[in-house]
Amino acid sequence: MYSQVVVNVPVLYDRVFTYQGEAPLGSLVQVPFGNSAKAALVVGHSFTTDIPDEIKCLGKALYAGAVWLSSELLSLADELAHFYLCPRGAIIDLMLPVPFTAKEVSGLKRVKREPVRLDETLTRHAPAQLTPEQIEAIEQVKQALTKGQAKPHLLYGVTGSGKTEVYLNAISIALSQGKQAIYLVPEIALTPQVIANVVHRFGEQVGVLHSGLSSGERARAWQKVLSGESQVVVGARSAVFAPTARLGLIIMDEEHEQSYRHEGGVNYHTRVVAQLRARQQGGVLLMGSATPSLEVYSSAERGGTKLLQLTARPHGTNLPEVNIVDMREELRQGRSGLLSSPLRQAVALGLQAGEQALLLFNRRGYAQMSLCRDCGHIPTCPHCDVSLRFHAGVRLLKCHYCGYSMRALGECPRCRGQQVHNRGAGTEKLAEELRALFPDFVFTRLDADTAARKGAHQKLLTEFGRQDSHILLGTKMIAKGLDFPRVTVAGVVDADSGMYYPDFRAVEESFALLMQVAGRSGRGTARGRVIIQTFNPEHYCLRLLEKHDYSGFYKVESRLRRKLSYPPFGGLATLCFRGRDQRRVLEAAQAVGELCVGSGAVVALGPVAEAPARVKDIYRYQLTLKAKNRKTLQELLADLRVRITDLCTSSARWYIILE
Ligand code: ADP
Ligand code: ZN
């Protein structure tokens, strides 16, 4: 008997090696490789081999031969390798809950199940009565589950319309049919409420899988799913690989979120993986959003995805009133500071009425850069091409890309000048302004800095949920999935930077984010109010947001996207090149560009330096390829892969992001 294995040597991730002996499919073994022993994952078996001489024997089984990847996951790895043009071994590495190494993770013995602690701001009880729209949506999912139908479903429901209740009911139905369910959320740290809800409803049957777990914790949680002890898996994008043998349902909440994209080496979109899995195992993929991605909504329009709708909030509360504030006018009136007078007034009124407010400012720190007014010096990171951000609380200048930091002494590090001026505010500065404006109230600031310590994120949200604090301010961390019924005012300090970010999805993302923020207000019985500050009040994104008009937005945005042949209306691939020698990285990227164009059927844009051009001393260039459709690009790149690697050898690492 022979076993085929993938060995943990990244440059050989494309290859399969044959050894004599048998170990379970999907288990890890040691194999002699060159002069050393390597870890290998068993991907196949055969009785014969055409390389009979000198064939080596498998070494010791790791983890006592425990199986990690089921045969379904192994064939999923194959499909993904083909779809994304990346080595199968890289996907296996990504799927494995334990490190792909010959050294075993300790502490995998079964431990007594620790009870999951439940915080009562955070759990919610099943409503006494479902709304007719919820009942209809659940009925449709039930039919699909019963038939084992593979067509994906989109639950398009306005913010606060009760999508969660539909998900929870769908899970109940799947369980009653003896099937397992995976419940995906955009970022586990951002959604403690979701976990609390699911655990509250399904108790011991719930397993949580996410990248924040230690290897030991992750491996144990994984084994419980494999054994069928965990029937419901909750997690961020990596949980889409959960080893559910009887998979009936995959829920993908906030389907439009960018965190469902995995980047670096293997570049996959969770939606694609979920769709492949659902098809493979006869399950149903249920995606939900108030602002579906253009990909999914256009598929629903064409009938490839079944559309389910929740058009109203269960309490009958109206969607919040949205006001756009023209900051040019505010400046003309001589007002300074981050908050316009309408936003100040709205917050003041809300606080006086005993309500809470939420303010989005999607930049952390105190200032974006420090400028010496004597010599013009702007401190930059020695390892990255960015200016250092001033953090007032800790008196540090920090790089937001590599973590480099230096003391901020209040004087210019170059000329010792005393006129150091901070430009471009962040959340810390906003907090300072709020303290001056509303001295009698308590604030919670939530951003990557305040949430850095383990458990801090949840603590801050609990504090706000208990109404120990009155204003929640922060980066986009505060916009997602939170349900605080006392919030009636939501403010967006700066709507412009997101809309004008140089990415073809920038406006779509902004619309979704602003809609999410708006959706945080007025979720209880009182109507909410939303104030959006901008220097571009005429922008269609804001005009349509004012009317909560997603379908209007979809029409405009899809027309623009179609005109430029951007996804989902055209094929797009980004080839990323990385290396320490700037000139050689650029030259390699240029050579690849010529090769691709020479092969026809595509347009190559670039190469251009990415922003920032250098991170952690690595130079970054990218080449964009456009073609009529995805398939053209996939075929072309599959043909050229080996030649591209040859062109890059020793100058640059490269990888493909194929949309
Ligand atoms: P969404 O995910 O669509 O933004 P949620 O699922 O968070 O909305 O629900 C919004 C609020 O409505 C929650 O507080 C939830 O408990 C409540 N809710 C959901 N369904 C009902 C219902 N049928 N009756 C009353 N309240 C409901
Ligand atoms: Zn840096």
Side-chain angles (χ1 to χ4, degrees), residues 120-138 154-171 183-186 190-198 200-201 251-257 286-292 308-320 365 369 379-389 396-406 465 479-487 490 512 515-526 528 548 550 611-620:
E120 271 301 315
T121 67
L122 289 187
T123 51
R124 85 171 58 142
H125 300 274
Q129 219 176 349
L130 294 167
T131 66
E133 287 184 326
Q134 284 172 324
I135 292 171
E136 174 60 20
I138 294 164
L154 167 64
L155 180 63
Y156 164 42
V158 297
T159 51
S161 57
K163 294 187 280 295
T164 315
E165 210 43 53
V166 175
Y167 303 149
L168 296 175
N169 277 276
I171 294 175
Y183 188 153
L184 300 169
V185 292
L190 302 183
T191 30
Q193 284 185 328
V194 176
I195 299 178
N197 282 330
V198 180
H200 188 247
R201 213 57 80 81
I251 287 163
M252 198 174 156
D253 190 20
E254 308 293 359
E255 155 290 308
H256 62 277
E257 279 284 342
L286 173 62
M287 300 174 278
S289 177
T291 51
L308 312 171
Q309 290 204 56
L310 303 180
T311 57
R313 290 182 168 184
H315 299 291
T317 333
N318 284 327
L319 286 170
M369 63 164 73
T380 53
C381 177
H383 307 289
C384 311
D385 288 345
V386 289
S387 59
L388 295 172
R389 310 272 166 105
L396 286 176
L397 288 169
K398 285 193 198 175
C399 171
H400 283 192
Y401 286 85
C402 73
Y404 171 88
S405 67
M406 62 185 273
K480 303 181 181 174
L482 302 176
D483 186 34
F484 295 118
R486 299 291 296 172
V487 172
M515 200 74 141
Q516 282 297 317
V517 183
R520 296 314 104 200
S521 90
R523 293 170 79 85
T525 41
H548 300 278
Y550 168 78
R614 181 180 53 123
V615 170
K616 295 183 189 170
D617 293 313
I618 300 290
Y619 287 91
R620 316 180 327 149

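What you see is a predicted model; the values in this text were computed from it and never measured. Whatever order the structure lists ligands and atoms in, that order sets their numbers, starting from 1.
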[X] neighbourhood, listing ligand 1 atoms whose heavy-atom distance to it stays under 4.0 Å:
X: Leu130; answer: 23 (N)
X: Gln129; answer: 22 (C), 23 (N), 24 (N)
X: Thr159; answer: 4 (O)
X: Ser161; answer: 1 (P), 3 (O), 8 (O)
X: Thr131; answer: 23 (N)

Check [X] against [Y] and note the closest heavy-atom contact, atom names and distance.
X: Gly465; Y: Phe484; answer: CA-CE2, 3.4 Å
X: Val158; Y: Lys163; answer: O-NZ, 3.3 Å
X: Tyr401; Y: Lys616; answer: O-CE, 3.8 Å
X: Cys384; Y: Val615; answer: SG-CA, 3.8 Å
X: His256; Y: Ser289; answer: ND1-OG, 2.8 Å
X: Pro292; Y: Tyr550; answer: O-OH, 2.8 Å

Query - Contact with ligand 1 for Val158, non-hydrogen, under 4.0 angstrom - result: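 It does, in that a heavy atom of Val158 comes within the 4.0 Å cut-off of ligand 1.
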Sidechain-backbone polar pair: [X] side chain, [Y] backbone, donor-acceptor under 3.5 Å:
X: Arg313; Y: Leu319; answer: no
X: Glu255; Y: Leu154; answer: no
X: His548; Y: Pro320; answer: yes

Query raised in the report: Within a strict 4.5 Å, meaning less than it, do heavy atoms of the Val194 and Thr164 side chains meet?
Result: no
What do we get for [X] next to ligand 1 when only non-hydrogen atoms under 4.0 Å count, side chain, backbone, both or neither?
X: Asp253; answer: neither
X: Arg313; answer: neither
X: Thr164; answer: both
X: Pro314; answer: side chain

Query raised in the report: With the Zn ion (ligand 2) at the center, what angle do SG from Cys402 and SG from Cys384 span, rounded to 10 degrees?
Result: 110°
Report summary line: With rounding to 10 degrees, Cys381 SG, the Zn ion (ligand 2) and Cys399 SG define an angle of 110°
Report summary line: Separation between CZ (Arg389) and CE (Met369), nearest 0.5 Å, reads 8.0 Å
Query raised in the report: Between the candidates Gly160, Ser289, Gly519, which shows the shortest non-hydrogen contact distance to atom 1 (P) of ligand 1?
Result: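 Nearest heavy atom to atom 1 (P) of ligand 1 lies in Gly160.
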Requested in this report: Indicate yes or no: does an N/O atom of Gly157 lie under 3.5 Å from an N/O atom of ligand 1?
Outcome: no
Query raised in the report: Polar-atom distance check: Glu165 versus ligand 1, any N or O pair below 3.5 Å?
Result: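 No: no nitrogen or oxygen of Glu165 is under 3.5 Å from one in ligand 1.
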Query raised in the report: Any N/O/S of His400 under 2.8 Å from the Zn ion (ligand 2)?
Result: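 No - counting backbone and side chain alike, His400 has no N, O or S atom under 2.8 Å.
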Report task. Could you tell me whether the Zn ion (ligand 2) has an N, O or S atom of His383 under 2.8 Å away? Result -> no
